[in-house]
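Notes follow once the structure below has been shown.
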Amino acid sequence: MDKINGIIENKYTAFSDFKNFDGQEVTICGYIHRIREMTGFSFVIIRTSRDTIQCVYAPEFSDYRWDEKLCEEACVEVTGKVVSSKDAKGNDRYEIQIHNVNILSLPAEMLPIVINKKGLDGVQLNTILDLRPISMRNPKERAIFKLQEGIARGFREYLSKNGFTEIRSPKINFAGAEGGTNVFKLDYFGKQVYLAQSPQLYKQALVGVYERVFEIAPVFRAEHHDTSRHLNEYISMDFEMGFINSFTDIMNMETGALKYIMNLLKTEYAEEVALLHADIPEITEIPCIKFMDAKELLMTKFKYKPSDMKDFDPEEEQLLGKYAKKEFNSDFIFVTHYPSKKRPFYTMDDPNDPEYTLSFDLLFRGLEITSGGQRIHDYNMQVEKMVKCGMNPEEFATYLMLHKYGAPPHGGLGLGLERLTMHLLGAKNVREATMFPRDINRVTP
C-alpha cells in the first residue's frame, strides 16, 4: 500500500536559482511560449508561472533531436545546461542549452489570439475578458494580478503584524449592511436573503471578540452602473479595530498599511512593476480635508458648481486629486466628516455637529478607493439612529448583541482592491484590473 507523507519532492529548478547552477544541468517545466527558428539552431522561450526563460536548441548540444509535434502552448519539461552571459547593461542573464524536451501535453487547437508578445495591444477589452483564461497567459496580463497579489499580501502582512485577526464572514445575509436597495436578493429555501454588500455587521461583532479584525473577500452591489469604475462584485479589503481614541486612528492604520504595501511592491514585485510601468507612489503623510471645506475649495479655487452638496461626483474627486498633488505632492487625500444623510446607519455622528459624521473617504489620484469611519457603539444610540433611518431594530437583533452586551469605541474601513490596482497601473477601466469581472453585462467566463 502506498503512503502519503506530505513531503513534496521538486525536481524542477526555479529561474531565480539559475545563478547557483551555472554550467550545470537543470530541469524546468512550463509552456512553450514562442519558437524562433534560426539557421542551424532555434530559440525556445519557456513560460513558467512567473518568468519567461530563453532556451536554445541545437543538434550539437546533445543527442536529443527536435520533435516536430512541439508547438507553442505545448506543456513540456526541458532539461539542459545553464549558461550565463552579460546583457548590454552588464547584468547577468541566463539561458538553457537544451538536452531534452519531454512533452506533457499538446494543445488541441491554436490560440484565438496572439499572447506571446509583450502585451495585448490592439486586442479589444471585451475580447480579452471573454478569453480571460487564455489572455492571462500573456506576461503583461499575468503581471497585473501578480502585482494585485502583492497588494493583498501587503495588507494581510501589515495588519497581522499589528495585532489583527483574519476572519471569514458569510456572503449570504439576512439583510443588507449598508441600507438602501442595492442588494442582490436570493431565494433561500423559500426565504428572501441577500448577497453581502460588506462584511460590516460581522466584523463589528468580532471586534467584541478579537478587538482587531480584517478580511479580504468579495462583496456584491446590485447597482445598475455601466461605467469604467464600477463592478457588481469586487474584492474588498476590510478591517475593524476596537478601543480607538478617534476615527483618525483608523486613517493612521490605513496610511501605515499603504506605506507597507507600496514598499513591498517596489521590493518583491519589482519585475511586475517594471513590466507594467506601474507608478508606485511615495507615501509619508496623507493630507486631510473636511467634506464641506472641500466643497468650498471646489467652488472657489476651481469655480466648480456642485450638483450634489451631500456627495462628490467623479469630476470633483479628480479635482481634489489634482489639488492634493499640487499642494502637498500627495497622490492621496482623506476627505472627512461626510453628511450624516449619506452615511450608513452604523456611522457615528459628530458630537459637535450631528449633521455630519466621524467618517472619511480616501481618494487616490482622484478616485475613491476607501470608505470608513467610527461606528456607533452605544446600544441606545444605535437603536435611535436605526429608527431615524426607517429601520426596524428587531430585525437586527443579532447585530445589536454587540451593542447590548458591551462594545468598545471602534471603527474601520473597506478598501477596493481592483480600484487601487487600476490606478497604480494607470488603467482606464477597472475591468482591466479584475481577474473575472462581474458587471451588469458580464457573468462569464
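- Within a 6.0 Å radius of CD in E394, other residues, nucleotides and ligands contribute 12 heavy atoms or fewer.
- Between the side chains of Q382 and R375, no donor-acceptor pair is found at a separation under 3.5 Å.
- Residue H410 holds its NE2 atom at 11.0 Å from CG of L206, rounded to the nearest 0.5 Å.
- Using modelled atom types, no side-chain atom of R47 and backbone atom of I32 make a donor-acceptor pair closer than 3.5 Å.
- The residue from P339, P344, S340 that alone fulfils the side-chain contact (heavy atoms from CB on, under 4.5 Å) condition with T357 is S340.
- Below 30°, between 30° and 60°, or above 60°: for F360 and F247 the angle between ring planes is below 30°, a parallel geometry.
- Looking only at distances, a side-chain donor or acceptor of N232 sits under 3.5 Å from a matching main-chain atom of R221.
- At distances below 3.5 Å, not a single donor-acceptor pair connects side-chain atoms of N91 with backbone N or O atoms of D87.
- In summary, the aromatic rings of F21 and F18 are positioned with their centroids too far apart to meet the 6.0 Å limit.
- Centroid-to-centroid, the aromatic rings of F345 and F396 come within less than 6.0 Å.
- Salt-bridge formation is not detected for the pair K341/E355: no Lys NZ or Arg NE/NH1/NH2 atom is positioned less than 4.0 Å from an Asp or Glu carboxylate oxygen.
- In this pair, F364 and F332 present their aromatic rings parallel. The plane angle is below 30°, not in the 30 to 60° band.
- Y158 and Y260 have tilted rings, their planes meeting at an angle from 30° to 60° on a 0 to 90° scale.
- Between the side chains of Y94 and D22, no donor-acceptor pair of N or O atoms lies under 3.5 Å.
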Pair up each side-chain donor or acceptor in residues 145-152 with any protein partner under 3.5 Å, not counting sequence neighbours, and list the distances.
unit_1, atom_1, unit_2, atom_2, d
K146, NZ, E149, OE2, 3.2
Q148, NE2, T421, OG1, 3.1
Q148, NE2, A433, O, 2.8
E149, OE1, Y269, OH, 2.5

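- With rounding to the nearest 0.5 Å, the separation of CG in L363 from CG in D361 is 6.5 Å.
- Looking only at distances, no side-chain donor or acceptor of Q204 sits under 3.5 Å from a matching main-chain atom of L201.
- With sequence neighbours excluded, the residues forming a salt bridge (Lys or Arg N to Asp or Glu O under 4.0 Å) with E166 are R156, R168, listed by chain and number.
- Residues D313 and Y304 have side chains that bring a donor and an acceptor to within less than 3.5 angstrom of each other.
- Rounded to the nearest 0.5 Å, atoms CD1 (I283) and OG (S330) are 7.5 Å apart.
- Side-chain atoms of R431 do not come within 3.5 Å of backbone N or O of P437 as any donor-acceptor pair.
- Without hydrogens or angle criteria, K203 side chain to L413 main chain gives a donor-acceptor distance under 3.5 Å.
- Of the N and O atoms on the side chains of K305 and S307, not one donor lies less than 3.5 Å from an acceptor on the other residue.
- Atoms OG and CG, on S228 and L367 in that order, are 8.5 Å from each other to the nearest 0.5 Å.
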Practice item. Applying ring pair (Phe, Tyr, Trp, His ring centres under 6.0 Å), run through H230 and Y234 and close with a yes or a no. Key: CA-CA 9 Å; H230 285 97; Y234 66 91; 9.6 Å; no

Exercise for review: Could you please spell out the steps behind the side-chain hydrogen bond (donor to acceptor under 3.5 Å, both in side chains) verdict for T370 and E254?
Suggested key: CA-CA 9 Å; T370 293; E254 180 173 28; 2.6 Å; yes

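- From L131, atom CG reaches atom CD1 of I113 across 5.0 Å, with rounding to the nearest 0.5 Å.
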Can I get a per-line list of side-chain donor-acceptor pairs under 3.5 Å for residues 186-194, giving both atom names and the distance, sequence neighbours left out?
unit_1, atom_1, unit_2, atom_2, d
D187, OD1, G190, N, 2.9
Q192, NE2, Y194, OH, 2.9

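- Within the 3.5 Å criterion, the main-chain N or O of D249 finds no donor-acceptor partner in the side chain of S246.
- Here the CG-CD1 distance, from N138 to I134, works out to 12.0 Å after rounding to the nearest 0.5 Å.
- Electrostatic pairing of K266 and E282 counts as a salt bridge here, judged by a charged N lying under 4.0 Å from a carboxylate O.
- The pair R343-D349 does not meet the salt-bridge criterion, since no charged nitrogen lies less than 4.0 angstrom from a carboxylate oxygen.
- In terms of modelled atom types and a separation under 3.5 Å, the side chain of E432 and the main chain of N429 share a donor-acceptor contact.
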